Amino acid sequence: MLVLLAAFGLVWAGPAQPAFAHAQVLGTSPANGAQLASAPSEIDMRFSEGVLLVDDGIQVVGPNGPVRPASSAQLDAQHPDQLHLALPAGLGSGIYTVNWRVVSADSHPVHGAFVFGVGGARPDRLPTAGAQGDGQSALSLTFDLFRWLGYAALGLLAGGAGFLAVCWPDGLTQRRVRRVLALAWGASLSATLGVLLLQGPYADGLGLTKVVSPHLVAVTLGTGYGHYVLARLVLLLAALVLGLALRGGPAWARPGSTGRRIAVGCGAALGVGLPLTWRGTGHTIAEPGLLPAAADALHLAAMACWFGGLVFLLLCLGRAAHRPPAERLAVAAGRFSLVATGSVAVLVVTGCYKAWREVGSVAALTGTAYGTLLVLKLGCTCVLLWLGMQSRGLVRRRLARSAAEAGVPVLEPVGAGAPVRGRTGQRAERARRELAAREALDRRQLRWSVGIEVVFVLVVLALTSVLVATPPGARPAAARSTSTGQRLALRGGGHLTLTLGPAGVGPNSLALTVLDPTGKPWDVPEVTAALSMPDAGVGRLPVTLVRTGAGNYQSQNLILPKSGTARLEITVRSTETDEETVQGEFTVF
């Protein structure tokens, strides 16, 4: 643990550098908040890394509503980090808002908005015009769950195969062990197919209903992300073929046998090949050079060796009918102790290097979601190292000593052989009982220690699944005004509640609830809304509302381009023929 903290401090004591991963906006033309004498012919954007376009990813809204571009957005053929959108001729005076959404090179979507004015219109510069990651939604939470499942399955499959090949070859003869490997393979396949289906709607900012869209799946398979996921599927299918070929029972465990050599090769292929396929689905793909790629692959391989080994070591420590004799268990635990020590060393070095590359500075560790998650992950890792030290000490000092003193397996019930008579026999029997009790205690303590380690590794993997989708090194937006709410009466006794936050220039969220005369949510047929800011030259613009439940609606990316008074018109259709429009006003700071 002290080594981890020392390495972490040594790396971060170096000079700060720009954070990698998640595209950032380096510049736009027109600039955010610019006032132009005449309308521009095109919109240009420059990002910190190459990006991919999504359908309807660039939308321009003017004083009279959405602006139809002269052509679709294009990436520069020589510079994929530069985006161009041609505008139609004859745009009039007023404030124009550009809402954009692209996919970073690391496969994660980012979005933002900026404004400019034409003629006498003077827009306020949006304080959050840079790239932002998506907030938590049902789809993003589902994606996090599949990523977590993928990490856990990778560790269990690749690390478990390596543990069996190196530490416990006899385990391959047990049906329960093969079932765990099959379960790990099935979980890995499910996670891989899940992220393949989710990437399309995740990139386009859509919902879970679009998961099975053939068009989105085809688009995903045409990207670098899709290529890496497809390679992972190929490796999993190859692993299935090898696993079926290795169903030879005891022949697997014979030293020098063909089955043993194939098992070792299979474990090595899984341990090296599968982690490499994760490079294209995380932050590292955005970093140039061979060293970041190697560090990422080694980090995942070390994680797999550690986690998979822990789970299969628990299988070694299971019921007496399945666990190996004391001397074989001591050998397996001793070998894994060496593997785990090497894995921890690799995890420490590569983890510190990756964190330094992705966060960029010590200052970015505080006040950001990524920094908070990273610190939590570091804390859990320190606890894991302490638990690993306890387990290693138990293996070295007690379990190995018990096996050495036993000389023979001590798992058979006392008295299973011929009866022992005389005082010497009684002492031998008593010593044997004490040795068996001590060995049982050793196994129980080691099983508890390893079990807690497995739980903490699962927590670390959960934090990692969220980290890879969180923009690293981003500074939080400046504090602005808090949410403000209104209550609007409807004919017949019902009413609306509106909450706008943060009620400032830039992106805002609108929550709307329709209540019936009794004060309960009213599931009306239709609710529509429109926004206008007459003082700022913003005409009546439609507001996209998403139904989240009976009578509840939200708009998550409502752009307010200028401070002043914003007017919201809400039309509620309570029946097929009854319709009512109410109006609320908010002060935008």
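Since the model is a prediction, treat every value here as computed from it, not as a measurement.
- Results of the side chain to side chain contact (heavy atoms under 4.5 Å, CB included) test with F456 over I452, V454, L458, V460 single out I452 as the only residue that passes.
- Note that CZ of F307 is 8.0 Å distant from CG of L310, once rounded to the nearest 0.5 Å.
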Apply the test side-chain contact (heavy atoms from CB on, under 4.5 Å) to residues L314 and V311: give CA-CA distance (whole Å), side-chain angles for both, the deciding distance (0.1 Å), then the verdict. CA-CA 5 Å; L314 275 179; V311 173; 5.6 Å; no

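- The aromatic rings of F47 and W100 sit perpendicular to each other, their planes meeting at more than 60°, with 30° as the lower class boundary.
- Annotation: side chain of P275 is in contact with side chain of L154 (closest heavy-atom distance under 4.5 Å).
- Scanning both residues, C167 and R335, for their nearest heavy atoms gives SG-CB, 3.8 Å.
- With hydrogens and angles disregarded, a donor-acceptor distance shorter than 3.5 Å links the side chain of R101 to the backbone of A203.
- Expressed to the nearest 0.5 Å, how far CZ of F146 lies from CG of L198 amounts to 6.0 Å.
- No side-chain heavy atom of H108 sits under 4.5 Å from any side-chain heavy atom of V103.
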Could you go through the side-chain contact (heavy atoms from CB on, under 4.5 Å) check for L206 and L139 one step at a time? CA-CA 8 Å; L206 304 175; L139 187 140; 5.7 Å; no

Show your reasoning for whether side-chain contact (heavy atoms from CB on, under 4.5 Å) applies to H299 and L347. CA-CA 5 Å; H299 192 78; L347 284 170; 3.7 Å; yes

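- In this structure, L461 CG and W148 CH2 are separated by 8.0 Å, a value rounded to the nearest 0.5 Å.
- For residues 450-464, the set of pairs meeting the side-chain hydrogen bond (donor to acceptor under 3.5 Å, both in side chains) definition, not counting sequence neighbours, comprises K377-T464, S391-E453.
- For V102 against L83, the heavy-atom pair with the smallest separation is CG1-CD1, 4.1 Å.
- For the atom pair OG1 (T277) and CG (L233), the distance works out to 9.0 Å, reported to the nearest 0.5 Å.
- Every residue two or more places apart in sequence or in another chain that forms a salt bridge (charged side-chain N to carboxylate O under 4.0 Å, His left out) with R147 is listed here: D144.
- The two residues P80 and L75 have their closest heavy-atom pair at O-CD2, 3.8 Å.
- A distance-only check finds a donor-acceptor pair linking the side chain of T223 to the backbone of G226 [under 3.5 Å].
- Screening residues 180-200 for side-chain hydrogen bond (donor to acceptor under 3.5 Å, both in side chains), with sequence neighbours left out, gives no hits.
- To the nearest 0.5 Å, atoms CG (L181) and CG (L156) are separated by 7.0 Å.
- Each of V375, T381, L376 was scored for a side chain to side chain contact (heavy atoms under 4.5 Å, CB included) with L463, with one residue passing: L376.
- The residue from L196, L221, T220, L193 that alone fulfils the side chain to side chain contact (heavy atoms under 4.5 Å, CB included) condition with V229 is L196.
- Aromatic ring centres of F336 and W168: separated by at least 6.0 Å.
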Hey, mind stepping through V180 and L315 against side-chain contact (heavy atoms from CB on, under 4.5 Å) and telling me if it holds? CA-CA 10 Å; V180 172; L315 293 178; 4.1 Å; yes

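- The heavy-atom pair separating P201 from G207 by the smallest distance is CB-O, 3.7 Å.
- L298 CG to C305 SG: the interatomic distance, rounded to the nearest 0.5 Å, is 10.5 Å.
- For the pair S104 and E49, the tightest heavy-atom approach, listed with the atom from each and the gap, is CB-OE2, 3.4 Å.
- Between W306 and A340, the shortest heavy-atom distance links the atoms CD1-CB, 4.3 Å.
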